[in-house]
Amino acid sequence: MRVEGRATKIASDLLAHYDVHARRLPWRAPPGSNAADPYRVWLSEVMLQQTTVAAVGPYYAKFLARWPTVQDLAASEDADLMAAWAGLGYYARARNLLACARAVARDHGGVFPDTEDGLRSLPGVGAYTAAAVAAIAFGQRAVVVDANVERVVARLFAIATPLPAARPAIRAAADSITPDARAGDFAQAMMDLGATICTARNPACGICPLREDCAAVLTADPAAYPVKAAKKVRPHRTGHGWWIERDGHVWLVRRPDKGLLGGMRALPSSDWGDAPDPTPPIAARWTTIETDVAHVFTHFSLALRVHHAHVEANETPEGAGEWWPIDRIGEAGLPTLFARAADAVRKERQADARN
DNA sequence: GACGCGTGGAT
DNA sequence: TATCCAAGCGT
C-alpha cells in the first residue's frame, strides 16, 4: 500500500541521488540502458547473498567468462562448479545455483521466469532474490528487502522494535516507499545508500540524500537503528585433518552434500566434536603439525589439528576418495579451511627441507 | 522463529 | 585481538 507525500518524496530524493552517484558494478547495466540480463542479475544476486561486493567481483568475472549463459552453466559438471565456487563460502548456494540453472534450462526453456512467484519457486531463490531479480531484470514493482534496506528503513521510520520481530513492520514500511516506476533502480539505490552512506557503523548522515526524510537522524544515535537481539556466544571446537601422501599425490575426499562445506573436496577429517584422539583414516607414521589451523565459521570457531604421513604405493584409505597431484592442489577447489591446512603442510615440508 | 551455513575486511 | 558485518536461504 503506497502512501503519497512523504513516501513519494523519499523515492524521488533517492532516485535523484542514484542518477548521479550509482556505483558502477560489473553486473549492473550501464546508466540509461535497459539491458539487464536476467542470468547476470540472478548470478550476481546469488553470489552477493551475505557476501561483500569486493569478494564477489573476481568470482562473478570468472563465472561469466566460463559460463556466459544459463544453458552453459546448466551443462557444467558438479565438481567443476563447486571447485569454481571454492573460497566464496556458503556452499549450498553453489549446489542450488546449479540446480536452479538446470531447472531453468529444463523446465523453462532456458528463460528465467519474469514474476516473483515464478522466480521464488527456483532452488536458492528466496524472497529477497526473487524480488531483486523481478525488479532489476524485469522492471517489475517488487519490494526488495535485504539487510541494507532493513537498516535504511528502520532509520527512516525510527522503528524501535528489535529484529527479527521488526521484520513485518520494516517490510510494510519498505512497501510504502517503493515506487511503481523504476523499482529496480530504487532497490539498488537503497542498497547503495546502505553500503556507502547509511552504513551499520558511523553513518554519514551529513551527506545523506534522505536526511530531511529521516526520523532517526533526529535522535541522539541514528546508528542505534535497527535494534537487534543479543547474539549468542560462538563455541569453540577442535577437529583433526589428515594429509595422506603417496608418490606426489594427496588423498582427497568429497564431503556429504548436506552440512558444513557440503559437497566440497576436502582432506579426510574428524567430526568437529570433542573426540580427543580420533582414529586416522589409515595406519601410518603420523606427524602432527605444531600449530593448529585456526578458522572461524559463522556459528563456531575451529582449531584444526593437521596430521601428515606418507603411505606405500599399494596403500589406499578405505572409502571413496581420489589421489590428487600435490603440485596441482590449487585446482582442487578446496574450501578455505582445507586450503590453509594444505598450506600448513607445505610450509612444514619447506622448513624440514632446510634443516 | 531458530538454527546451520563461510569467508574476509573493517573497526 | 575480538567482534561485527556483508545484496539470505533451506529446514
Side-chain angles (χ1 to χ4, degrees), chain A residues 23 25-28 40-60 82 85-97 99-100 119-137 142-152 162-168 174 184 186-196 198-203 223 226 228-237 255-264 266 272 293-302 333-340:
Chain A
R23 289 182 292 172
L25 300 173
W27 44 86
R28 240 176 223 183
R40 300 183 184 202
V41 174
W42 161 77
L43 178 62
S44 69
E45 291 299 341
V46 173
M47 288 185 166
L48 286 162
Q49 290 166 7
Q50 297 287 283
T51 307
T52 57
V53 165
V56 165
Y59 284 86
Y60 177 80
M82 299 307 286
W85 194 277
L88 197 55
Y90 283 140
Y91 299 100
R93 292 184 297 173
R95 299 193 298 276
N96 287 328
L97 192 81
C100 181
L119 291 160
R120 183 70 180 78
S121 69
L122 296 168
V125 178
Y128 161 76
T129 302
V133 174
I136 297 168
V143 182
V144 180
V145 183
D146 75 326
N148 289 300
V149 175
E150 281 187 349
R151 185 170 59 253
V152 171
L163 289 171
R167 295 239 156 84
F186 178 78
Q188 295 180 90
M190 287 286 278
M191 294 189 280
D192 275 16
L193 189 73
T196 62
C198 195
T199 51
R201 289 178 285 202
N202 302 318
K228 295 184 178 179
K231 297 197 171 178
K232 297 181 176 178
V233 295
R234 179 162 26 219
H236 182 77
R237 299 181 188 165
R255 295 177 60 80
D257 276 330
K258 292 185 184 301
L260 191 74
L261 308 177
M264 301 300 288
W272 322 126
V293 173
H295 195 72
V296 181
F297 294 104
T298 305
H299 53 298
F300 69 95
S301 59
L302 177 71
L334 294 176
T336 300
L337 168 67
F338 293 111
R340 287 183 180 164

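Values in this document were obtained by computation on a predicted structure and should not be read as measured data. Convention: sequence-line order gives letters A, B, ...; per-chain numbering from 1.
Of the residues in residues 85-94 of chain A, those placing a heavy atom less than 4.0 Å from an atom of DNA chain B are Gly87(A), Leu88(A), Gly89(A), Tyr90(A), Tyr91(A), in numerical order. Across residues 257-264 of chain A, Gly259(A), Leu260(A), Leu261(A) each have a non-hydrogen atom less than 4.0 Å from an atom of DNA chain B (numbered order).
In terms of position along DNA chain C, the nucleotide closest to Ser44(A) lies nearer the 5' end than the nucleotide closest to the other residue of the pair Ser44(A) and Asn96(A). Position along DNA chain B of the nearest nucleotide to Leu334(A) versus Lys232(A) favours Lys232(A) as the more 5'-ward residue. Of the two residues contacting DNA chain C, namely Leu122(A) and Arg23(A), the nearest-nucleotide position lying further toward the 5' end is that of Arg23(A).
For Ala131(A), the side-chain contact (heavy atoms from CB on, under 4.5 Å) test picks out Glu116(A), Ala142(A), Val144(A), with sequence neighbours left out. Listed by chain and residue number, Asp37(A) satisfy the salt bridge (Lys or Arg N to Asp or Glu O under 4.0 Å) test with Arg40(A) (two or more places apart in sequence, or in another chain). For the side-chain contact (heavy atoms from CB on, under 4.5 Å) test, residues two or more places apart in sequence or in another chain that qualify with Thr196(A) are Arg23(A). In this view, Thr129(A) and Glu45(A), Gln49(A), Val125(A), Val133(A) satisfy the side-chain contact (heavy atoms from CB on, under 4.5 Å) rule, not counting sequence neighbours. By the side chain to side chain donor-acceptor pair (under 3.5 Å) test, Arg340(A) pairs with His295(A), sequence neighbours left out. Residues passing the salt bridge (Lys or Arg N to Asp or Glu O under 4.0 Å) test with Glu150(A) are Arg167(A), sequence neighbours excluded. Residues satisfying the side chain to side chain donor-acceptor pair (under 3.5 Å) test with Ser301(A), not counting sequence neighbours, are His236(A). With sequence neighbours excluded, the residues that form a side-chain contact (heavy atoms from CB on, under 4.5 Å) with Ala94(A) are Leu81(A), Met82(A), Trp85(A).
Between the CG atom of Leu302(A) and the P atom of dC5(B) there is a distance of 12 Å, rounded to whole Å. Distance Tyr59(A) OH to dG8(B) C1': 11 Å, rounded to the nearest Å. Nucleotide dT7(B) holds its C1' atom 9 Å from the CZ atom of Phe297(A), rounded to whole Å.
For the residue pair Thr51(A) and Arg93(A), a side-chain donor N or O sits within less than 3.5 Å of a side-chain acceptor on the partner.
Residues Trp27(A) and Val53(A) share a closest heavy-atom pair of CH2-CG1, 4.0 Å. The shortest non-hydrogen separation linking Phe300(A) to Arg234(A) is CA-CG, 3.3 Å. Closest approach of Met47(A) to Val56(A), counting heavy atoms only: O-CG2, 3.3 Å. Residues Ala86(A) and Tyr59(A) share a closest heavy-atom pair of O-OH, 2.8 Å.
Residue Arg167(A) is classed as having no contact, given no heavy-atom separation below 4.0 Å to the nucleic acid. Using a 4.0 Å heavy-atom cutoff across all strands shown, Thr129(A) reaches sugar-phosphate atoms only and no base atom. Note on Ala55(A): nothing from the nucleic acid sits closer than 4.0 angstrom, heavy atoms only. Residue contacts shown for Leu163(A) are absent, as no nucleic acid heavy atom lies under 4.0 Å away. Using a 4.0 Å heavy-atom cutoff across all strands shown, Val296(A) reaches at least one base atom of the nucleic acid. Backbone-only engagement by Ala127(A) is indicated by non-hydrogen atom pairs under 4.0 Å involving sugar-phosphate atoms exclusively. Residue contacts shown for Arg28(A) include a base, since a base heavy atom lies under 4.0 Å away.
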Check against salt bridge (charged side-chain N to carboxylate O under 4.0 Å, His left out), Asp192(A) and Arg28(A): CA-CA 12 Å; Asp192(A) 275 16; Arg28(A) 240 176 223 183; 2.8 Å; yes
Test side chain to side chain contact (heavy atoms under 4.5 Å, CB included) on Leu302(A) and Val296(A) and set out the steps. CA-CA 6 Å; Leu302(A) 177 71; Val296(A) 181; over 6 Å; no
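Separating the P atom of dG8(B) from that of dC9(C) is a span of 22 Å, rounded to the nearest Å. A gap of 23 Å separates the P atoms of dA7(C) and dC3(B), to the nearest Å.
Put simply, the side chain of Thr298(A) and the base of dG6(B) share a donor and an acceptor less than 3.5 Å apart. On a pure distance criterion of 3.5 Å, a polar donor-acceptor pair joins the side chain of Thr51(A) and the base of dG6(B).
Here chain A contacts DNA chain C (any atom closer than 4.0 Å to a heavy atom, that is under 4.0 Å), and the contacts span dC4(C) to dG10(C) from 5' to 3'.
Under 4.0 angstrom from either OP1 or OP2 of dC5(B) there lies at least one side-chain N or O belonging to His299(A). Phosphate contact (OP1/OP2 of dG8(B), side-chain N/O of Thr336(A), threshold under 4.0 Å): present.
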Under 3.5 Å, which protein N or O atoms sit close to an N or O of nucleotides 9-11 of chain B? Give each pair with its distance.
none

